[in-house]
Amino acid sequence: MELFGIFLTAALINNFVLSQFLGICPFIGVSGKLSAATSMGMATTFVLVMAAMVTFLIQQYILAPLGLDFLQTVSFILVIASLVQFVEMVIKKVSKPLYRSLGIYLPLITTNCAIMGLCLFAAMRHYSFFQSLVFALGAGVGFTLAIVLMAGIREELELADIPRSLRGAGITMVVAGTLALGFMGFAGMKF
Amino acid sequence: MSKQMTINAEFAKGLWEHNPVLRQLLGMCPTLAVTTSAINGVGMGLATTFVLTCASLMISLLRKLIPGQVRIASFIVVIATFVTIVDLTMKAQFPEMSKSLGAFIPLIVVNCIILGRAEAFASKNNPGRAIIDALGMGLGFTASLTTLGGIREVLGNGTLFGVQVMPHQYVPWIVMILPAGAFLTLGLMLGIYNKFNHRHEEAALRAARLAAAAKGV
Amino acid sequence: MANPSGTGSELPAVSEGNLHLVTSPHVHFGWSTARIMWLVTAALLPCLAVAVYHFGPGVLAPVAGAIVGAVGTEWVLNRASRRPDTVGDGSAFLTGLLLGMIVPPGFSPVHAALGGVVAIGLGKAVFGGLGHNTFNPALVGRAFLQASFPAGMTDWSTAVARVDAVSRATPLGLLKFGDPSQFPADLATERLLAGNIGGCIGETSAAAILLGGVILVATRIASWHIIVSMLAGGALFGGLFHLAGVGPSPLFHLLSGGFLFGAVFMATDYVSSPLTHRGQWIFGLGIALLTIMIRLFGGLPEGVMYAILLANAAVPLINRATRPTIYGAKR
Amino acid sequence: MPLRSFRGGVHPPEHKELTEHKALELMPVPAEIFVPMGQHLGKPASPLVKKGDYVRQGQVLAAAAGFISAPVHSPVSGKVVKLVKGPVVGGTTADMLVVQPGEPDPLPADKVAEGAAPPTSAPLLLPPLDLNTVTGPEIIERVREAGIVGQGGAAFPTAVKLSPPADKPIDWMIINGAECEPYLTRDYRLMLERPDDIVEGILLIGRTLGENVNLGIGIENNKPEAIRVMREAIVKRQAAIRVFELKTKYPQGGEKMLIDAAVGRKVPPGALPMEVGCVIQNVGTALAIRDAVILGEVPRTAVLTVSGLGVKEPKNLQVTIGTPLRDVIAFCGGATADARRVVVGGPMMGFAAYSLDAPVVKATSGILVLSERELKEPPETTCLNCGKCAEACPVNLLPSRLARLAELQRWEAARDLGIEVCMECGTCAFTCPARKPLVQYLRLGKKNVRNLPRKER
Amino acid sequence: MTAFAYSLLTMGGLGIFFAAALAIADKKLRVQEDPRIGLALDATPGANCGACGYAGCNAYAEAVVLEGAPINKCPVGGQDTINGLARIMGVDATTAIRHVARLMCRGTAALARQKAHYEGPTSCAVQDLVSGGGKACQWGCLGGGDCVAVCNFGALEMGPDGLPVVFDDLCTACGACVKACPRDLFELHPIDREFFVFCKSHDDPKRAKEVCDVACTGCGICARNSQGAISMVDSLAVIDYAKLDPHVIPIEKCKTHAIGWLHPKQDLAALTAPAAGAGGAAGQTPATGAD
């Protein structure tokens, strides 16, 4: 039940995108097309889980015992960067269209603060391995949910007569704000 | 990027024309997250500017030494080092602000502005220009954050930099300091920024048409 | 054999160059956007009347504030963006009225007006005006108010009340935070129907809302699919949890809080609801499920507004999933 | 038996009371007629006569120019005055022969002395064929020769429709007597006045489609009299023709809807009725075929309804093909002061005429003069997403969305949502409270989707 | 000191580990891509207008590098793009003559007749579907502004007379307007070309004269006097620019002024002045081909 609580909190109550402001760049950049958003969500979830596992091991077995906590930022980002580059290579090899639709945002997963943020939070809260895993999964689901909802709305808004100056990022922000208002309904949810 | 800009233009472009937040939509996470007050915006902006400037300088100095294949990784290590310095410094010197900015100080490491400028500018230009560029971008970032933080603080708390500015009867709109308020305010700010630019573009177009018309006769 | 007509001069109205060149069809059902909006407004009048009866004429202040805010914003923004004036189509008035109906009776008219401004400005105009908005504008306005003025939005001790019974916490609030056994009368079905209980201006009397619902369904303005699916969903999910020992009876779920008002007036908003009947069923059931979950497990007593906003966000996905099969095509 | 129908559709005000009790009336030939070369779907016919020629009623004026084409016969005897480009309904301009009705020039005295037969203005008929012995191929040949086109609106050459490819066996031939368009009472009057001839026509069409074809006629239940009369005529002749009583709903007379309602088959998107073994013919077409076979007639007149509140005396008329709209309206007492629009065809699918010089053609089924009183036109607003168009669309499209996609020129997206299935019935625009010109945008979308490079599906 | 050593070891170890892993992955998973594509993309203007006939600048860049597509296909980038691509591909830069769009219709609201009140969306493409819209001439400009809407460069504007105006300086000859016009009234011409037949009507003389004052009626007088540079095609004068000697064209013989100069000297001024109500109005609207 506690694991479920962590999952739910990361996915809905403190949604990574809509209330923690993590992963905003891809949320804005890749939410134009539903198909791309879905794959971005999955790719991010995948990287999140991988990164959570690896950084947990590094934190638990290298940094903490050696008292090198100040190396957290540097070592985590190194791990994440390598992971992302690895995923990028795999996607490029497996599916060219997918690679194209994710475009320049794949390298940006590196600088996707959702991933770094997740690892830092997990370390800060001293989550266990499984807790980190579930936390990452919840965060990934939350991110995917937000970006897919947003992509659906934005595809719909392509037919709308949005004032020119608000097209693109502007309207995305407003929609995200309203979504955030909606997600406030989950506040305090407990089972 | 074939033409060399003047130093002034190089500096100024980050403030408005290529403003990292409003035009390039970079560094959105801290922009939204920490701007619950103007002072937070200033703090975050300056911290980022410091990292950006130091990292740009370092990368520009090392640009001929770093092999192409590992450049991104090297940039990240350089940036992460400076971020750690800032993080530790702030924890020691400004514990309160460090607390309110929370994880977003270490997260400067993944701020796309810094990596973006490193990749697009510092690794291709001499240290002097790199510093000017970084300062311009950093101050543009700081200005955007402060404005956003100011608006949210005034409406959401009735204060600006902690000083009560709204009349006493004013009931603060709490939503403004909640996540939703951040999104909505930034969305409208982007709209206003674009509106200004569109006005400018339209005026330029009208001028061009007039010129064309004058020449045609 | 003679030309029976002579010249065209005998056809004064349809002579050459005076003909109208228009695409078919050349007849029309005759309904207009404005007519729909004003009819919905009319369907809201019973609720408003009951509110005035229970809470006193003072409730008209926040309602008027919301309407002024909404219509004024519509007018100003149309002006500023050089779009045709759309105040006359009644949609902004309706948004304002709807917003006014879902704030507490003693709510500040100024804040209600702010809600109207937000509803039209951030809920509608930024999307390009009527027909393009993703979310129900009135609910955007209310969500903004709820987040901005949590105290004001949950203050039921209205000074304008004529009857003591109505200046109390809402039945749902009692259920969540109070001891329901101490207020058994407030939870009785007949009071929920009549509306002499605490609650937002328009949502207390289930009977008045149902009357409005009958008007909307009878005139075929509102899709009964949404209303019925939402009520069915509320009964189903509320009932399931009730059987499992969690929460009140399903009937209480349906009649209390904003459930009915949301089902009849909010979820049925054309723009922010799915196009097809199948989609509308999914939509209604989804809102019901979310509402029940928030009511039973969330930190807030009421969740209809959030449920509808979240369901609004999912409408593009629902529409995509429930696209009708083209005639004669195989699935 | 439950009433037969289809999903969707609308109930526009019928206004049939204006003309349903008025017997067909023959309108005199006007002073000058304009005979377009293209009165059918497909290639316009190529003229065989020239300026100054004397032509006889029924004489071939222009020959079919290809497989999907039809010859044009002279509706009157008289002189060809000229070949012009004149206004037509539903398009811009088209080639047409101007014919002045009149007696032939008298023969010169020396020719008379030689014993030459004096020229005559009597109609030139094809040799009549016997109803009992005529074969299917003979009938089809006669239909082609006579240039008969579908009377249902699209004016598709009937002979082509009666020659389905061998791999598409036809087991139902249904006559479309639904007449679902408001105002129009032409088919109704024909059914009341010539039921026996219609039955003969049905039997003749049936003969062209082989042994196994079932025959039927679908009539909406707002025409009980027509249903009764047709049943009597069928019984009288002991013909195996089934009468389908259909629910009154627009567009019940659409081919796909009629097939669905009558025999419960759904024509797949992009396919013709023959895909499901059906052929639909109009009441008027059946009569034209009957007259061509048994009497040797060619289409010289069009039967049509002149109606609408904008015309003083609404009528059902038999009008010489080529008569300008102006003359027809004048024959019906002229237009009222508040008349605004002249529509050729029904109000749901008909075309607005931009010129009263445009002539009546073979397939003209009605001329409506609409007044301000019946042109209810609320102002256009933006789409509310109310879904009424989707609810009404008989072919299950999302018209509002397709129209918007067309407006934004997103042709691929429109194609993927099936815009090509749209039959422009106008149901969506009729119900739209935002008064969007949906049909216009759908038409634009269809045109551009057709021009898209073919993509394998 | 130990902390320092550990740091060094940790970071070094991590660095080496990941570097090795990535190096192996790079070997195994590498997808070859021609680096010139990126360079070529940089050389294009990035307008993604599709005037080159490819799906966008990226597609064109790929086509140039991989399929050897011609390097002078981009009208927007002009000589700069050609030079850039030439450098990347190592071929000679061919010089492109600057072209601009010209409207081949002068049937302003004052000079061309309307046949009916058109009601509906103003877009030309839509109007054209309804019996050709309100304009009586079925060949002429409908004035709905589809061309203006598609122009990405702001080079077109609807003039007060109901015809679009081209701003030469802004026009990049991308051809978007050519494609957008349902009546094919736009043509791309070298910018210094000044002499045109401003009409596309194939109507017979009588009808042409009826519907528009400035229509080519197909009288053929220009063709007879043009020494072979002008021919009549289905009642319309067509210029063969290769044979054209502007000095021998007797344009004053054209009664309707359908043929003439882009920047009119006198030919149209006389005709428009009474209709426009103000003298010299023709001269003030420049480069329109429509005054």
Side-chain angles (χ1 to χ4, degrees), chain B residues 21-23 25 28 31-38 147-160 164-203 205-206 209, chain C residues 62 65-66 69 73 76-77 79-83 99 103-104 106-129 132-137 139-155 299-300 305-306 309-310 312-313:
Chain B
V21 174
L22 299 175
R23 165 57 60 93
L25 305 173
M28 293 308 233
T31 303
L32 290 161
V34 305
T35 50
T36 46
S37 68
T147 314
L148 184 57
I151 295 173
R152 290 180 64 191
E153 191 186 343
V154 168
L155 292 177
N157 201 33
T159 59
L160 185 60
Q164 185 78 29
V165 289
M166 293 301 257
H168 189 64
Q169 307 90 315
Y170 177 76
V171 186
W173 310 353
I174 297 172
V175 69
M176 296 306 284
I177 51 176
L178 296 177
F183 282 117
L184 295 175
T185 316
L186 183 57
L188 293 183
M189 245 172 89
L190 285 172
I192 292 167
Y193 174 81
N194 287 336
K195 187 101 199 163
F196 266 111
N197 285 334
H198 291 160
R199 283 256 170 86
H200 190 71
E201 277 166 30
E202 272 159 29
L205 190 61
R206 259 200 305 280
R209 283 176 176 173
Chain C
T73 310
V76 167
L77 289 180
R79 267 293 165 92
S81 57
R82 290 186 215 98
R83 287 173 188 244
L99 176 66
V103 296
F107 195 66
S108 145
V110 177
H111 288 166
L114 171 70
V117 172
V118 171
I120 295 296
L122 288 176
K124 198 168 101 174
V126 291
F127 294 98
H132 299 306
N133 47 290
T134 305
F135 301 96
N136 184 325
L139 288 181
V140 172
R142 186 185 198 266
F144 188 90
L145 293 179
Q146 175 86 54
S148 288
F149 314 112
M153 284 298 282
T154 48
D155 178 12
L300 303 162
M305 168 181 81
Y306 299 110
L309 280 177
L310 291 170
N312 285 163

**Item:** Residue Leu188(B) versus chain C: region with a heavy atom under 4.5 Å
**Value:** side chain
**Request:** Tabulate, in ascending numerical order, the residues of residues 141-152 of chain C having at least one heavy atom closer than 4.5 Å to a heavy atom of chain B, or enter 'none'.
**Result:** Phe144(C), Ala147(C), Ser148(C), Phe149(C), Pro150(C)
**Message:** Does Phe196(B) have more than 12 heavy atoms from other residues, nucleotides or ligands lying within 6.0 Å of its CZ?
**Reply:** no
**Item:** Residues of residues 109-117 of chain C near chain B, each having a heavy atom less than 4.5 Å away
**Value:** His111(C), Leu114(C)
**Asked** When you look at CZ of Arg83(C), are more than 12 heavy atoms from neighbouring residues, nucleotides or ligands closer to it than 6.0 Å?
**Response** yes
